[in-house]
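Comments concern the structure below.
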Amino acid sequence: MKLELLGKVHEVAENSSVGDLLKNIDPENFKKYLAVRLEDGTLCDLFAPIEKSQKVEALTFQEEAGRKVFFHSASHLMAMAVKKLFPETKLAIGPAIENGFYYDFDREEAFTAEDLEKIEKEMKSLVGKSIRPIRFTLSRHEAIAQMKQAGEPYKVELIEDLPEDEPLSFYQMDDFLDLCVGPHLPNLSYIKAFKLTQLAGAYWRGSEKNKMLRRIYGTAYPTKEELAAHLDRIEDAKRRDHNKIGRELEYFTTVDYIGQGLPILLPKGAKVIQILERFVEDEEERRGYQLTKTPFMAKRDMYKISGHWDHYRDGMFIMGNADDEEAEVFALRPMTCPFQFQVYLNRTRSYRDLPMRLNETSKLFRNESSGEMHGLIRVRQFTISEGHLACTPEQVEGEFRGCVELAQYFLKLLGLDGDVSYRFSKWDENNKDKYIGNPQDWENSQNEMRRILDDIGIQYTEAEGEAAFYGPKLDIQIKNVHGKEDTMITVQIDFQLAERFGMVYTDKDGEKKFPIVLHRTSIGCYERTLALLLEKYAGALPTWLSPTQVRVMTITERSDAFAKEVEAALKQAGLRAECDLRNEKIGFKVREAQMEKIPYMLVIGDREAEERTVTVRNRKGDNVGTMPFEQAVALVKKANDEKVID
RNA sequence: GCUGAUGUAGCUCAGGCGGUAGAGCACUUCCUUGGUAAGGAAGAGGUCAUGGGUUCGAGUCCCAUCAUCAGCUCCA
């Protein structure tokens, strides 16, 4: 039998393993190899016998697949420790995730921080035992019997849901047995460094209808240094958390008696959002959008037409008794669509009116469940650049493309274009109640959208069950510092609501037709976008977005008058400037401005005041130079006008 | 909504086993200093998240509520 490995073909005995081969050809690096990828892409243990000649790949911690094996074994190691310390615990599942692993357990009592320490200690002692995971397979029947005997109801449930004919693989690690497809490390002693990072609850099989299990998250590395570096990276990310720096730098705050998800935007946060809103409205006007201003609420009658009453009621704030059919009941708007449609409906429309592009800087209200709020990223009242485009079928592709281009234009300006991914969000065929319209319409609109996406040529992933209730979406996704992904921008194709609202146009042929409606945001929700910007720039927003762009500071009172003059010149140029005339040491003033992430500092002493110059420093602390003050004003003005990412 | 943690001055945190609140930084005033981070003096700041309960007495113990954080679920 021949195995091709590391670029060479080796003659080996029948059924020998890659591990055996590596021991011969690369003995000094042998311990680096964790598992094997076969020619057909399947993974197996390092010492699994290979059945036929083929090209194989030995996976190390450097490859994602190798890391996953490492994390997965670490997860089992943790489960072993838990079972040793708390034998009554029932096992659910324990997969590898992006930067570590978790295992879900069912146990009456919650684990405590002290328990985690105990578990880590037990894991250490297990690592010392040099346990070699042993794989074997059982028939479905035997497997169920085995797991029933072991008292593992979740495992039994898992097996019952697996295909009938598949033999089930198990791993024996010391006295610990687990149902598992593998592969696993050749030896648990490879797991030299690990840390249990957090405790959490998680629903069995991800459904809130099921029991909540106890989840323990952890991470593991081959060396202590790599683990320490990883933990440092996490700490670093947390320092960028908008929820921390946004409060520290006074962009926003919350008040317990106002309520969850209702942040107060402080002057700095409000300023950034104002800059963005004005900019977006102006840019959209240039691109043929018409601004609307529509009500924040409507009677229930409207939501019945739009479908919100039946499909989105839980997400709305309702005023009045919703159960009383006679009463006048209002609800705050969770979306702008039905309101903006009224603009279209204001008079008869012809194909000549299309495409009609409407935009609105819109306040929306959504009654999110209490545990879902997060800083400025997930709130109950937010402001979104929302727009609706009514167009003919021929215009859909061009208009859709225009929406995507506009979104990409804003992303690039914000410097976030490299941080997003695209998701094609489809409906869930098995959960039709969540949506309006018939399957054929959904099929058509999804195919149309996929065709356009492929035409535009953007890379995207597909996601079932993520569509809006009225149509499929292109979602532009972004991750926060904790690695949690959220939708930033969305463009949707809607073949349904026009008909519901009786929106028609007279076509060239004199026929009445329903327009296709695109729902879109261009920059997303301003609060969320601000949060992402704060995280992206660790609070040091690009000059054009900084609430304060320049601070003029003096060394002695003798230069105060000139400083005020410079400040006035900056303001005259349309820049956001302020003076720091306090009687403080200049080093202290500079440092304070740096901590506030102010982009430019203009320092003025006797010499500068006499020469009518300023010494310019940027927020990194670099001395940009001493120059006539007009030149300094022009310098900042340039950074502002060119919207440079600095 | 669920699981868990947390809540003391603007911020970061101390406050054994219940006896009416403390530090550093920040803030205010004055003095001093004056070119790259905090020199001196004085002062002001707290219904200890809120509401109940136990107790002669609660920041401390118990219960409930609210908020904040992480995760799950859900979503822009």
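A, B, ... follow the sequence lines: proteins, then strands. Residue 1 opens every chain. Excluded from the calculations below are hydrogen atoms, water molecules and symmetry mates; all remaining heavy atoms, backbone and side chain alike, are included. The structure displayed is predicted, hence computed values, not measured ones.
Side-chain atoms of N243(A) lie closest to rC69(B) of the nucleotides rG71(B), rG1(B), rC69(B). The listed nucleotides are rA67(B), rA70(B), rU68(B); the one nearest the side chain of D256(A) is rA67(B). Of the listed nucleotides (rA67(B), rU3(B), rC72(B)), rU3(B) has the atom at the smallest distance from the side chain of R214(A).
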All N/O donor-acceptor pairs, side-chain side in residues 517-524 of chain A, below 3.5 Å, sequence neighbours left out:
residue	atom	partner	partner atom	Å
H519(A)	ND1	H388(A)	NE2	3.1
H519(A)	ND1	Y470(A)	OH	3.4
H519(A)	NE2	D494(A)	OD2	2.8
R520(A)	NH1	E284(A)	OE2	2.9
R520(A)	NH1	Y289(A)	OH	3.3
R520(A)	NH2	E284(A)	OE2	3.0
T521(A)	OG1	T490(A)	N	3.4
S522(A)	OG	E284(A)	OE2	2.6
S522(A)	OG	S385(A)	OG	3.0

Name the atoms and distances for all side-chain donor-acceptor pairs under 3.5 Å in residues 306-316 of chain A, with sequence neighbours left out.
residue	atom	partner	partner atom	Å
S306(A)	OG	Y303(A)	O	3.2
S306(A)	OG	H308(A)	N	3.3
S306(A)	OG	H308(A)	ND1	2.7
H311(A)	ND1	G307(A)	O	3.3
H311(A)	NE2	D433(A)	O	3.3
R313(A)	NE	W309(A)	O	3.1

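Comparing the C1' positions of rA64(B) and rG71(B) gives a spacing of 25 Å, expressed to the nearest Å. Taking atom P in both rG46(B) and rC11(B), the straight-line distance is 14 Å, to the nearest Å. For the C1' atoms, the distance from rC61(B) to rG16(B) is 15 Å, rounded to whole Å.
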Please list each protein N or O that sits under 3.5 Å from an N or O in nucleotides 26-36 of chain B, with the distance.
residue	atom	partner	partner atom	Å
rU32(B)	O4	N583(A)	ND2	2.6
rU33(B)	N3	N583(A)	OD1	3.3
rU33(B)	O4	N583(A)	OD1	2.5
rU33(B)	O4	N583(A)	ND2	2.6
rG34(B)	O6	E557(A)	OE1	3.3
rG34(B)	O6	E557(A)	OE2	3.4
rG34(B)	N1	N583(A)	OD1	3.1
rG34(B)	N2	I555(A)	O	2.6
rG34(B)	N3	I555(A)	O	2.9
rG35(B)	O6	E608(A)	OE1	3.0
rG35(B)	N1	E608(A)	OE1	2.9
rG35(B)	N1	E608(A)	OE2	2.8
rG35(B)	N2	E608(A)	OE2	2.8
rG35(B)	N2	T615(A)	OG1	3.3
rU36(B)	O2	R617(A)	NE	3.3
rU36(B)	O2	R617(A)	NH1	3.1
rU36(B)	O2	R617(A)	NH2	3.2
rU36(B)	N3	R617(A)	NH1	3.2

Nucleotide N/O of nucleotides 74-76 of chain B paired with protein N/O under 3.5 Å:
residue	atom	partner	partner atom	Å
rC74(B)	O2	E372(A)	OE1	3.2
rC74(B)	O2	E372(A)	OE2	3.4
rC74(B)	O2	R378(A)	NH1	3.1
rC74(B)	O2	R378(A)	NH2	2.4
rC74(B)	N3	R378(A)	NH1	3.0
rC74(B)	N4	K484(A)	NZ	3.4
rC75(B)	O2	R378(A)	NE	3.4
rA76(B)	OP1	K473(A)	NZ	3.4
rA76(B)	OP2	K473(A)	NZ	2.8
rA76(B)	O3'	T487(A)	O	3.1
rA76(B)	O3'	T487(A)	OG1	3.3
rA76(B)	O2'	T487(A)	O	2.6
rA76(B)	O2'	R528(A)	NH1	2.9
rA76(B)	N6	E368(A)	OE2	3.3
rA76(B)	N6	V379(A)	N	3.4
rA76(B)	N6	V379(A)	O	2.5
rA76(B)	N1	V379(A)	N	3.4

Please write out the pairs of protein N or O atoms and N or O atoms of nucleotides 62-64 of chain B separated by less than 3.5 Å, giving the distance to one decimal.
none

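The interatomic distance linking E98(A) (CD) with rG71(B) (P) rounds to 13 Å, in whole Å. Separating the NZ atom of K209(A) from the P atom of rG1(B) is a distance of 17 Å, rounded to the nearest angstrom. Rounding to whole angstrom units, CZ of residue F101(A) and P of rG71(B) are separated by 17 Å. Rounded to whole Å, atom P of rA70(B) lies 16 Å from atom CD1 of I97(A). To the nearest angstrom, P of rU68(B) lies 7 Å from CZ of R247(A). For the pair W204(A) CH2 and rC72(B) P, the interatomic distance rounds to 17 Å; values are reported in whole Å. When rounded to the nearest whole Å, the span between CD1 of I216(A) and P of rA5(B) equals 14 Å.
Residue R520(A) is out of contact with every strand shown, counting any heavy-atom pair closer than 4.0 Å.
Formation of a donor-acceptor pair under 3.5 Å by the K426(A) side chain with backbone atoms of W442(A) is not found in this model. Checked by atom type and distance alone, the side chain of E372(A) pairs as donor or acceptor with a backbone atom of S369(A) at under 3.5 Å.
Nearest approach of A538(A) to I245(A), heavy atoms of both residues: C-CD1, 3.5 Å. M335(A) and E386(A) make their closest contact through C-OE1, 4.0 Å (heavy atoms, listed as atom of the first residue, atom of the second, distance).
Not counting sequence neighbours, the partners of F410(A) by the ring pair (Phe, Tyr, Trp, His ring centres under 6.0 Å) test are F279(A). Under the rule for a ring pair (Phe, Tyr, Trp, His ring centres under 6.0 Å), the partners of Y103(A) that lie at least two apart in sequence or sit in another chain are F105(A). Checked against ring pair (Phe, Tyr, Trp, His ring centres under 6.0 Å), Y409(A) has no partners two or more places apart in sequence or in another chain. Every residue meeting the ring pair (Phe, Tyr, Trp, His ring centres under 6.0 Å) condition with Y217(A), not counting sequence neighbours, appears here in chain and number order: Y102(A).
Annotated as anti: rG22(B), whose O4'-C1'-N torsion sits more than 90° from 0.
Stem analysis of RNA chain B (at least three stacked-register Watson-Crick or G-U pairs, each with both distances under 3.5 Å) gives B:1-7 with B:66-72, B:10-13 with B:22-25, B:27-31 with B:39-43, B:49-53 with B:61-65.
Judged purely by distance below 3.5 Å, without hydrogens or angles, the side chains of S425(A) and R423(A) pair a donor atom with an acceptor atom. A donor and an acceptor atom, one from each side chain of E360(A) and T292(A), are located under 3.5 Å apart.
Between the NZ atom of K585(A) and the CG atom of N583(A) there is a distance of 9.5 Å, given to the nearest 0.5 Å.
Across residues 260-272 of chain A, Q260(A) each have a non-hydrogen atom less than 4.0 Å from an atom of RNA chain B (numbered order). A heavy-atom distance below 4.0 Å to RNA chain B is reached by these residues of residues 102-123 of chain A, ordered by number: A110(A).
Distances shown here put a side-chain N or O of H374(A) below 4.0 Å from the OP1 or OP2 atom of rA70(B).
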